[in-house]
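Below is one structure, written out as structure tokens; the observations come after it.
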Amino acid sequence: MPWNIPILLTWLRILLIPIFTALFYLPQTYISQTHVNIAAALIFALAGITDWLDGFLARHWKQTSDFGAFLDPVADKLMVAVSLILLVKLDRTLAIYAMIIIGREITISALREWMAQMGKRNSVAVAYIGKLKTAAQMAAIFALLLNFPDFYGINFNQAGNLLMFIASVLTIWSMFYYLKLAWKEFQ
């Protein structure tokens, strides 16, 4: 396993998950819910920044590796899945959104693995629709983690759930897009 700064940033993302989760189980006597929300949103944002940064540095420093290509999406999917499960548990979003997003991630990851075994992984490479889905999903999760009921006239929970609906639609759309690409390879 190669050790370099991009790989360490990916591991940092994975190590942030238990800290992120533990915030929601701290007794209210130690920290207010508002502070928990802000801290969780900042950790989630830090994870997003390190996701971008590790990829940028790996390409810039020519430190890409098969292990990094494997670990990076695993770290992303773990953070998103944990966030969605916590948001459902906290009753900040609907379980159907979490089921759609997590189900799609499992399906497309399995599809990419299968295509890689056939030597055709590039036929289901990340597309623009997938990037739009990710942007909507990340913005939704961030807003729902903050959970500000009235921030200069903006209800972050309502805005987050609107973005979560959009992310769910884009999630289904992108899943069918990737499945359609893969179907061409099967024929």
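Here the structure is a predicted model, which is why all the values come from computation and not from measurement.
Here the closest non-hydrogen pair linking Ile43 and Ile19 is CD1-CG2, 4.0 Å.
Identified under the salt bridge (Lys or Arg N to Asp or Glu O under 4.0 Å) test for residues 137-151, with sequence neighbours left out: none. Sequence neighbours left out, the pairs with a member in residues 46-58 that pass salt bridge (Lys or Arg N to Asp or Glu O under 4.0 Å) are Arg13-Asp51, Arg13-Asp54. Applying the ring pair (Phe, Tyr, Trp, His ring centres under 6.0 Å) definition to pairs two or more places apart or across chains, those involving residues 84-120 are Trp114-Phe186. A side-chain hydrogen bond (donor to acceptor under 3.5 Å, both in side chains) check over residues 127-140, counting only residues at least two apart or in different chains, returns the pairs Glu105-Lys133.
Side-chain atoms of Asn4 come within 3.5 Å of backbone N or O of Ile7 as a donor-acceptor pair.
Dense packing is recorded around CZ of Phe148, with more than 12 heavy atoms of other residues, nucleotides or ligands lying under 6.0 Å away. Counting heavy-atom neighbours within 6.0 Å of Leu8 CG, excluding the residue itself, gives a total above 12.
Between Phe20 and Phe44, the ring planes lie tilted relative to each other; the angle falls in the 30° to 60° range.
The side-chain contact (heavy atoms from CB on, under 4.5 Å) test applied to Trp173 returns Ile129, Leu170, not counting sequence neighbours. Residues satisfying the side-chain contact (heavy atoms from CB on, under 4.5 Å) test with Leu26, not counting sequence neighbours, are Leu23, Ile31.
Using a 4.5 Å cut-off on side-chain heavy atoms (C-beta onward), Leu57 and Trp52 make no contact.
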